[in-house]
Amino acid sequence: IYNLFDRLHENPEPSGKEYNTRRIITEFMKENTSLEYHELPGGFYYVYHSRRGEKNIALRADYDAVSLDRNTIGHYCGHDGHSSALCAVALKLMESGSQNNVYLLFQSAEENGEGAKNCLGLFEEKIDAIYGQHNLPGFAFGEVYTAETTFACASCGMILKLKGKSSHAAYPELGISPAKTVSRILELSDRYRTPEKMITVIEVKMGEESFGVMAHEARVCLTLRSTSDSTLEELENEILDCIKATDEQIQCEFELTDFFPATVNHPLSCSVLKERIHAQELKEPMRWSEDFAWYLQKNEGAFFGIGAGLKQPPLHSETYCYPKPLIDVTAKLFYDLCK
């Protein structure tokens, strides 16, 4: 399994372009298991058929890498470890079996929120529960955490294009500047800093380096977060209302992108996590988003996190690397949920 992890780690590929990653995983599974293979538009899954077949339990791992910029792509979120752990579960099923039928789902494109939506065909099968997990740097190694309601926040990108009226820089009073509107948006972002409502400024651009022309156009990119989908929508509307109230002469076009629903656990599956793998309750939802949320909107299930170590660097940083020993811990936890 560690050799598999090394191969995945050394071949990071961005969301939707995980060609070698997919090949590495499927070759490993073909060489080491006899599980039944199925294709999906957003990934693939294997089925372990139990003689007893009491329930159908699905386990999911993502396998895309993170693009920090155009030239820096790596497994800075630990999906190489997630996939390795699910392959380890497959080996355990071949060795020790299970009283349940087990569906091992390998999913692409989690980072941009597109992968899970393209794997919903899994639920054409009758799935009693689906479970997913993520490694959690900054938490004690091997400790398990979940939430009775929202595990991870809803989020989306918001691109605002503001347009006023141009004028000579010597006569700014004859034009319409978006500066005040941009300032109010930035003030709003300072106001919302908790998981309940959060606005993070990603990009601000106003005007051009042309000293004879007053800035009359602006572009503001924000990431919005909330613990619920409905509150996220309220936040979107509040920003638009703020723009209108600041200056009605400013024209505003906006686009929403990279939407992730809130990851809201089902009570029954959450209780299974607490009873069977001793998951603790998170103090507050994780601020990041997880496209596993699409599965939970469709089917019974729950999501949990596993501590990767208190002194680990944060996710999506160039220094983060999934700790290999966590593969074995994760595989055991997953197996305990499906055996």
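Because the structure is a prediction, the values reported are computed rather than measured.
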Under a 4.0 Å N-O cut-off, is there an ion pair linking Arg193 with Glu196? no
Partners passing salt bridge (Lys or Arg N to Asp or Glu O under 4.0 Å) against Asp258 (at least two apart in sequence or in another chain): none
For Phe44 and Tyr37, take the angle between the two ring planes, folded into 0 to 90°, and tell me which bin it lands in: parallel under 30, tilted 30 to 60, perpendicular over 60. tilted
Test salt bridge (Lys or Arg N to Asp or Glu O under 4.0 Å) applied to Glu39 - qualifying residues, sequence neighbours left out: Arg22
Scan for salt bridge (Lys or Arg N to Asp or Glu O under 4.0 Å) pairs involving residues 64-74, sequence neighbours excluded, and state none if there are none. none
Applying salt bridge (Lys or Arg N to Asp or Glu O under 4.0 Å) as the test, list every pair that has at least one member in residues 95-115; sequence neighbours left out. Glu114-Lys117
Quick one: side-chain hydrogen bond (donor to acceptor under 3.5 Å, both in side chains) partners of His168, sequence neighbours excluded? none
What pairs of donor and acceptor atoms, side-chain ones from residues 330-339 against any protein atom, are under 3.5 angstrom apart with sequence neighbours left out?
unit_1	atom_1	unit_2	atom_2	d
Thr330	OG1	Tyr322	OH	3.3
Thr330	OG1	Leu326	O	2.8
Lys332	NZ	Asp336	OD2	2.9
Tyr335	OH	Gly97	O	2.6
Asp336	OD1	Lys339	NZ	3.4

Electrostatic pair Lys244-Glu248, nearest N-O below 4.0 angstrom: no
Does either side chain, that of Glu290 or that of Thr263, offer a donor lying less than 3.5 Å from an acceptor on the other one? no
Pairing residues for Glu203 by the salt bridge (Lys or Arg N to Asp or Glu O under 4.0 Å) criterion, not counting sequence neighbours: Arg219
Pair Trp288 and His316, ring centroids less than 6.0 Å apart: no
With sequence neighbours left out, the residues meeting salt bridge (Lys or Arg N to Asp or Glu O under 4.0 Å) with Glu281 are Lys274
What do you reckon, is NZ of Lys324 surrounded by more than 12 foreign heavy atoms closer than 6.0 Å? yes
Let me have the donor-acceptor pairs involving side chains of residues 154-167, under 3.5 Å, with sequence neighbours excluded, atom names and distances please.
unit_1	atom_1	unit_2	atom_2	d
Ser155	OG	Ser289	OG	2.7
Ser167	OG	Tyr171	O	3.2

Starting from Leu68 and following side-chain heavy-atom contacts under 4.5 Å between hydrophobic residues (I, L, V, M, F, W, Y), which residues can be reached? Val66, Tyr76
Go through the structure and list residues passing side-chain hydrogen bond (donor to acceptor under 3.5 Å, both in side chains) with His82, not counting sequence neighbours. Asp62, Asn135
Short question: side chain of Ser108, backbone of Gly16 - any donor-acceptor pair under 3.5 Å? no
With sequence neighbours left out, which residue pairs that include part of residues 307-321 fulfil the salt bridge (Lys or Arg N to Asp or Glu O under 4.0 Å) condition? none
Main chain of Cys119, side chain of Gln107: is a donor-acceptor contact present, judged purely on distance under 3.5 Å? no
